[in-house]
Amino acid sequence: IRIKGKADDFYNAEVRGTLNNEILRYYTLLTRYIQDSISACTAIDGLREGESDAATRAARYKQRGELYRERCLAIEKELVLRYPEQPFAPLMLVHDIAYRIPLAELKDFRSRLSPELEGHPYVRALDEFIGIQDFNVGSRMPDFCIPGIQGKEICLKDYRGKYVLLDFWASWCGPCRREMPNVVNLYKSSKGMKFEIIGISLDSQEKPWKKAVEEMKMTWPQGCDLRGWNSEVARKCNIHAIPATVLLDPEGKVVALNLRGEALTAKVKEVLGKKK
């Protein structure tokens with residue numbers, strides 16, 4: 001592999017020497033052409049029309065950005081289909097395309113990758129992304145372990161055979177605090193009936209997390225990796241807002257998502273076979 005560039009402009013260095021580097025270089029040339037041509041068109045419009053007002057400039061800037069992204073996405077899709085046996089394809093899918101197309105379309109692209117790439121790190125990352133985005137009722141919850149409030153790890157596999165409610169919250173979350181009395185009552189009424197709650201805090205500091213657990217009398221297992229929104233468990237469950245809940249059956253499959261208040265209590269009673 002040969003790298004040629006300037007130390008003070010290394011981002012634009014040229015990397016050559018392998019097939020995938022050549023494909024990536026080709027992709028860079030194509031997208032740079034789009035960027036340069038749009039910039040040239042912008043300059044021409046300026047010469048023709050003179051200085052425009054701020055609102056017009058903002059609207060045109062937005063339009064040019066959307067045009068650039070649209071044309072780049074078309075190129076990326078084309079290259080993935082042209083080189084499905086090369087690591088470049090899953091790299092492009094997971095890092096550039098995945099966030100910009102519907103999940104069904106992403107799955108279709110995944111199905112077109114060559115079997116030769118199975119097990120490649122980029123393909124594994126793509127499969128993980130698809131699994132997270134596809135997380136829904138009926139999905140199997142991936143196993144996890146998370147540091148517990150007493151220092152001992154809490155592992156989901158240790159609760160197999162029980163219905164488990166994953167309760168995502170944080171000490172700084174007002175709606176979480178307002179919802180917590182309902183969760184406390186649910187635990188009191190359902191504890192010991194093949195049911196357990198695992199609290200997953202999205203706190204990033206230990207002291208407020210532990211203080212909130214004590215203040216709100218949360219006596220069920222509590223875990224927190226102090227990574228905030230980067231919590232590994234929250235990421236696996238595709239959590240983007242809290243409070244959030246994931247109800248699992250004894251085999252670890254998702255029964256219900258994001259139930260709160262009376263709806264949560266009613267669902268737990270239903271799966272446990274309790275009378276309302």
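Only heavy atoms go into these numbers, but all of them, side chains included; no hydrogens, no water, no symmetry mates.
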Below 4.5 Å, heavy atoms only, C-beta onward: do Met141 and Val233 meet side chain to side chain? yes
side-chain contact (heavy atoms from CB on, under 4.5 Å) between Tyr33 and Leu29, worked out: CA-CA 6 Å; Tyr33 167 77; Leu29 289 172; over 6 Å; no
Whether Asp143 and Arg160 form a salt bridge (side-chain N of Lys/Arg under 4.0 Å from carboxylate O of Asp/Glu) is what I want to check. yes
Do Phe88 and Leu19 come close enough that some side-chain heavy atom pair is under 4.5 Å? no
Hydrophobic cluster membership, Leu126 vs Ile132, 4.5 Å side-chain cutoff: no
Would you confirm whether Ser231, through its side chain, and Gly228, through its main-chain N or O, come within 3.5 Å as a donor-acceptor pair? no
Mind checking the CH2-CE spacing from Trp169 to Met218? Nearest 0.5 Å is all I need. 4.0 Å
Side-chain contact test, heavy atoms from C-beta onward, threshold under 4.5 Å: evaluate it for Ile149 versus Lys210 and give yes or no. yes
Carefully, step by step, assess Ile200 and Ile239 under the rule side-chain contact (heavy atoms from CB on, under 4.5 Å). CA-CA 11 Å; Ile200 309 292; Ile239 300 297; over 6 Å; no
Answer yes or no: are there more than 12 heavy-atom neighbours, outside Tyr122 itself, under 6.0 Å from its atom OH? no
What are the two closest heavy atoms between Ile34 and Cys72, and how far apart are they? CD1-N, 4.2 Å
side-chain contact (heavy atoms from CB on, under 4.5 Å) between Gln222 and Trp209, intermediate numbers included: CA-CA 10 Å; Gln222 291 290 332; Trp209 165 49; 4.3 Å; yes
Heavy-atom closest contact (Arg64 atom, Thr42 atom, distance): CD-OG1, 2.7 Å
So do the side chains of Tyr83 and Tyr26 get within less than 4.5 Å of each other, counting heavy atoms only? yes
Would Phe129 and Tyr99 satisfy ring pair (Phe, Tyr, Trp, His ring centres under 6.0 Å), going step by step from the backbone distance to the final call? CA-CA 10 Å; Phe129 179 89; Tyr99 300 91; 4.9 Å; yes
Do Tyr27 and Glu76 have side-chain atoms, one donor and one acceptor, less than 3.5 Å apart? yes
Measure across Leu186 and Ser189 and return the closest heavy-atom pair with its distance rounded to 0.1 Å. O-OG, 3.1 Å
How long is the straight-line distance from CD1 of Ile75 back to CE of Met92, given to the nearest 0.5 Å? 10.5 Å
For residues 242-267, tabulate all N or O donor-acceptor pairs below 3.5 Å that involve a side-chain atom, not counting sequence neighbours.
unit_1, atom_1, unit_2, atom_2, d
Thr245, OG1, Asn258, N, 3.4
Thr245, OG1, Leu259, N, 2.9
Thr245, OG1, Leu259, O, 2.9
Asp249, OD1, Glu251, N, 2.9
Asp249, OD1, Gly252, N, 2.9
Asp249, OD1, Lys253, N, 2.9
Thr265, OG1, Asn182, OD1, 3.4
Thr265, OG1, Gly261, O, 3.4
Lys267, NZ, Glu270, OE2, 3.4

Output, in order, the C-alpha distance, side-chain angles, deciding distance and verdict of side-chain contact (heavy atoms from CB on, under 4.5 Å) for Lys77 and Ile101. CA-CA 10 Å; Lys77 290 180 178 180; Ile101 63 175; 3.8 Å; yes
Please tell me whether Leu91 and Ile97 are part of a single hydrophobic cluster in this structure, the criterion being side-chain heavy atoms less than 4.5 Å apart. no
Answer with yes or no whether the side chains of Glu196 and Tyr163 bring together a donor and an acceptor at under 3.5 Å. no
With the threshold set at 4.0 Å, does a side-chain nitrogen-carboxylate oxygen contact exist between Arg60 and Asp45? no
Would you mind reporting whether Trp220 and Lys191 have side-chain heavy atoms less than 4.5 Å apart? no
Does Leu106 reach the side chain of Gln133, with side-chain heavy atoms less than 4.5 Å apart? no
Partners passing side chain to side chain donor-acceptor pair (under 3.5 Å) against Asp127 (at least two apart in sequence or in another chain): Arg110
How far does CG of Asn12 sit from CZ of Arg32, to the nearest 0.5 angstrom? 5.0 Å
Counterpart residues, side chain to side chain contact (heavy atoms under 4.5 Å, CB included), relative to Leu67 (two or more places apart): Ile38, Arg71
Lys236 vs Phe144 side-chain heavy atoms within contact, under 4.5 Å: yes
Would Ile23 and Leu73 show up in the same hydrophobic cluster when neighbours are defined by side-chain heavy atoms closer than 4.5 Å? yes
Might you confirm whether atom CD of Glu116 has over 12 heavy atoms from other residues, nucleotides or ligands at distances under 6.0 Å? no
State whether a side-chain donor-acceptor pair under 3.5 Å links Trp172 with Gln205. no
Identify whether Val183 and Val268 are in the same connected component of the hydrophobic contact network (ILVMFWY, side-chain heavy atoms under 4.5 Å). yes
Closest non-hydrogen atom pair, Glu22 against Gly17: OE2-N, 3.7 Å
Any sub-3.5 Å donor-acceptor pair from Thr31's side-chain atoms to Thr28's backbone N or O? yes
Hey, could you give me the OG/CG distance between Ser201 and Asp167, rounded to the nearest 0.5 Å? 10.0 Å
Passes salt bridge (Lys or Arg N to Asp or Glu O under 4.0 Å), Arg69 versus Glu66? Steps please. CA-CA 5 Å; Arg69 288 188 291 273; Glu66 291 174 351; 5.0 Å; no
Value for CD1 (Ile146) from CD1 (Ile198), rounded to nearest 0.5 Å, stands at 9.0 Å
Distance in Å, Asn185 CG paired with Ser190 OG, rounded so as to fall on 0.5 Å steps: 10.5 Å
Leu165-Leu156 co-clustered via ILVMFWY side chain contacts under 4.5 Å: no
Side-chain heavy-atom pair Lys4, Arg2 within 4.5 angstrom cut-off: no
Does CD belonging to Glu105 count more than 12 external heavy atoms closer than 6.0 Å? yes
Sidechain-backbone polar pair: Ser114 side chain, Leu117 backbone, donor-acceptor under 3.5 Å: no
I need the minimum non-hydrogen distance between Val80 and Ala89, along with the two atoms involved. CG2-O, 3.8 Å
Does Arg177 use its side chain to pair, donor to acceptor, with the backbone of Ser171 at less than 3.5 Å? yes
Search all heavy atoms of Leu226 against all heavy atoms of Glu206 and return the closest pair with its distance. CD2-N, 3.7 Å
